Number of protein chains: 2
Amino acid sequence: MQGEKRSKIAGERTAVAGRSDADEDSRNLVNSLAKGLRVLESFTAERPELTLSEVASLAKIDPGTAFRMLNTLVMAGYVARVPDSKRFRLTLKVTDLGFHAIARADLRELARPILRSLVGEVNEAASLGVLDGADILYVERVRAGLTRIGVDIRIGTTIPAFWSTIGEAMLAFLPSAELERVLSLKPRPGVFPHKPMNRSEIEASLKNVRECGHALRDSYFGSGLRVLAMPVLDVDNYPLAAVSVAVPQIQMSSKEFREHALDAVRRATVDIARAIQASGSVSAIA
Amino acid sequence: MQGEKRSKIAGERTAVAGRSDADEDSRNLVNSLAKGLRVLESFTAERPELTLSEVASLAKIDPGTAFRMLNTLVMAGYVARVPDSKRFRLTLKVTDLGFHAIARADLRELARPILRSLVGEVNEAASLGVLDGADILYVERVRAGLTRIGVDIRIGTTIPAFWSTIGEAMLAFLPSAELERVLSLKPRPGVFPHKPMNRSEIEASLKNVRECGHALRDSYFGSGLRVLAMPVLDVDNYPLAAVSVAVPQIQMSSKEFREHALDAVRRATVDIARAIQASGSVSAIA
DNA sequence: AAATAAATTTCGCAATCCGAAAAATCGGAA
DNA sequence: TTCCGATTTTTCGGATTGCGAAATTTATTT
């Protein structure tokens with residue numbers, strides 16, 4: 001079909017409107033590179049070693065092609081033949097590529113593009129916070145614009161954990177022993193609008209968050225913002241950090257907000273979890 | 001030999017005998033995949049963002065080709081365009097490949113909860129490493145929290161075995177023939193703080209570790225950490241892996257550290273050894 | 001030993017990829 | 001602003017090279 005189009009000379013490209021899009025996309029791509037990447041992707045943690053025919057069927061390519069692809073990857077050092085078997089496996093050279101993706105970047109840099117993807121049309125701001133003693137430390141924050149928002153949180157600010165929506169999201173997923181320890185710590189001094197809640201209020205609130213998987217409420221700081229926060233969980237469901245987004249209370253109801261933001265925030269937390277796992281620890285504030 | 005056969009059947013492509021080797025190599029390779037990999041490799045820690053023309057010159061390919069390669073990588077999700085600029089950068093998806101390359105997901109999973117039990121009030125971090133050639137590969141690592149700790153080791157990192165405390169713990173329990181073989185191998189390149197020790201120093205150090213049953217020393221990496229490591233031995237006393245824990249040097253002396261951590265670490269190594277035996281998965285990487 | 005399955009190689013066709021060069025776009029400098 | 005230079009993006013023809021089917025070799029099983 002592409003052959004036809006080509007022979008028709010360059011005039012009629014958009015004759016068939018429906019097709020021109022797909023063709024246009026594929027025009028500037030390299031198919032064999034895409035196939036080679038599919039070969040790499042067919043190796044997983046569960047299936048770290050594969051035979052030629054397994055690769056062929058997983059990557060949906062002809063065995064002959066798979067053979068050539070694997071040979072190329074072996075040449076390049078990304079794949080090795082397992083001795084005394086017909087199987088292949090990824091080498092550690094592949095991990096070098098990954099490190100280049102994240103090297104030198106601290107948690108803030110890794111999180112910033114992800115947070116940026118959360119603010120836009122509706123969301124005013126997105127933040128990333130971590131637990132530091134009894135407080136939440138704001139590690140990164142991205143705002144939609146410089147306009148609006150009176151009271152704002154700066155990077156480096158600390159707020160007692162259970163006055164922060166981010167804090168709620170994290171505390172709710174802490175193992176109970178850890179939670180006890182954190183609640184027994186004394187928050188840093190500062191001027192805050194509310195008096196501390198009593199223990200049973202905290203329990204009830206955290207239970208609710210744990211069940212929903214997120215915390216959602218109006219800001220305690222009189223900024224007129226509605227805030228939704230979700231924890232960044234590691235593979236064992238331990239909270240490493242939490243992400244929040246905010247919209248003006250007048251702009252949408254809690255229900256609308258949740259419907260609108262929840263999936264995007266969840267995706268962001270997964271991305272950040274991956275970034276943290278991949279990069280190991282990085283000092284929160286450089 | 002294959003060249004002969006070929007020329008009998010298929011005409012004169014191999015007329016010039018000298019060339020047949022080169023032809024033979026390239027016959028089963030896919031050139032555009034190799035070029036695409038060079039594109040990925042042109043991103044490094046020092047140059048995490050590149051323009052099209054930089055990629056083209058670094059990967060030694062035509063700008064037009066580089067454009068198509070980058071488009072393909074963007075499609076596949078391994079590269080992203082940096083907003084508001086003409087630059088490209090690797091995405092975190094690249095790190096996924098790396099994790100698939102790290103051997104035995106099950107080993108990590110069974111070790112993680114055990115490592116987690118080692119970190120807490122005093123210990124900053126606990127790690128599990130295996131021998132990979134002449135290097136130690138960090139397979140899993142659990143930290144106390146995201147704050148604190150400057151320099152840290154990522155999962156997937158490799159360090160020449162005798163610069164790593166985990167390495168000392170493993171080498172000390174290797175059969176002497178194996179030890180010879182490992183010491184004769186060349187570690188992966190990298191920037192490391194110390195020059196290699198000479199042979200007699202290594203001997204003395206390993207002898208000491210063998211007698212104590214553990215390795216204990218200050219990190220060579222200037223992180224201000226004190227590290228204690230013990231091997232995970234199978235039923236034949238062959239070292240399958242090693243566990244380490246770390247505390248800040250200022251927090252306690254070596255003596256206190258040993259008294260505090262030794263039993264817990266020993267229990268952890270025994271647990272991991274048992275778990276490995278139970279799950280049947282034994283072999284490290286060749 | 002035979003049969004079956006998998007891996008590797010062959011081979012011809014043409015689709016695809018390449019490179020050069022044109023076109024479009026961006027970024028400064030004047 | 002307008003112009004110029006550099007970079008990115010698209011075009012295009014041609015031949016390279018990658019593709020798939022089938023043949024051959026190798027291994028695995030019955």
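Computed from a predicted model, the values in this text were never measured in an experiment. Numbered from 1 within each chain, the chains take letters A, B, ... in sequence-line order.
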Check: When you match B/Leu52 and A/Asn31 each to their closest nucleotide on DNA chain D, which lands nearer the 5' end?
Finding: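 The residue whose closest nucleotide sits nearer the 5' end is B/Leu52.
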Item checked: 5' priority, DNA chain D, between A/Lys86 and A/Gly64 [closest heavy atom] ->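 Taking each residue's closest nucleotide, the earlier one in sequence belongs to A/Gly64.
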Do [X] and [Y] have side chains that approach each other closer than 4.5 Å (heavy atoms only, starting at C-beta)?
| X | Y | value |
| --- | --- | --- |
| A/Arg87 | A/Leu50 | no |
| A/Leu37 | B/Leu73 | yes |
| B/Arg141 | B/Arg112 | no |
| A/Leu33 | B/Ser32 | no |

Distance in angstrom units between [X] [atom1] and [N] [atom2], rounded:
| X | N | atom1 | atom2 | result |
| --- | --- | --- | --- | --- |
| A/Asn71 | C/dT10 | CG | P | 13 Å |
| A/Arg38 | D/dC19 | CZ | C1' | 14 Å |
| A/Arg87 | C/dA6 | CZ | P | 14 Å |
| A/Phe67 | D/dT26 | CZ | C1' | 12 Å |
| A/Arg68 | C/dT8 | CZ | P | 13 Å |
| B/Ile61 | C/dC18 | CD1 | P | 8 Å |
| A/Leu33 | D/dG18 | CG | C1' | 14 Å |
| B/Lys60 | C/dC18 | NZ | P | 17 Å |

Checklist line | Position toward the 5' end of DNA chain C (nearest nucleotide), A/Ser32 or A/Ser53 | finding: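 Upstream on the strand: A/Ser53.
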Looking only at the side chain of [X] (C-beta and beyond, no hydrogens), which of the listed nucleotides [options] gets closest?
| X | options | answer |
| --- | --- | --- |
| B/Asp62 | D/dC19, C/dG19, C/dC17 | C/dG19 |
| B/Arg81 | D/dG18, C/dT8, D/dT9 | D/dT9 |
| B/Lys35 | C/dT8, C/dC18, D/dC19 | C/dC18 |

Check: Within the pair B/Thr65 and C/dG19, is there a side-chain N or O less than 4.0 Å away from OP1 or OP2?
Finding: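 For C/dG19, OP1/OP2 do have a side-chain N/O of B/Thr65 under 4.0 Å.
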Note to self: Between A/Thr51 and C/dA7, is there a contact of a side-chain N or O with OP1 or OP2 at under 4.0 Å?
What the structure shows: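 It does, given that an N or O in the side chain of A/Thr51 lies less than 4.0 Å from OP1 or OP2 of C/dA7.
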Check: Under 3.5 Å, is there a donor-acceptor pair between the side chain of A/Glu259 and the main chain of A/Glu256?
Finding: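 Not at all, since once roles are kept as given, no pair shorter than 3.5 Å links the two residues.
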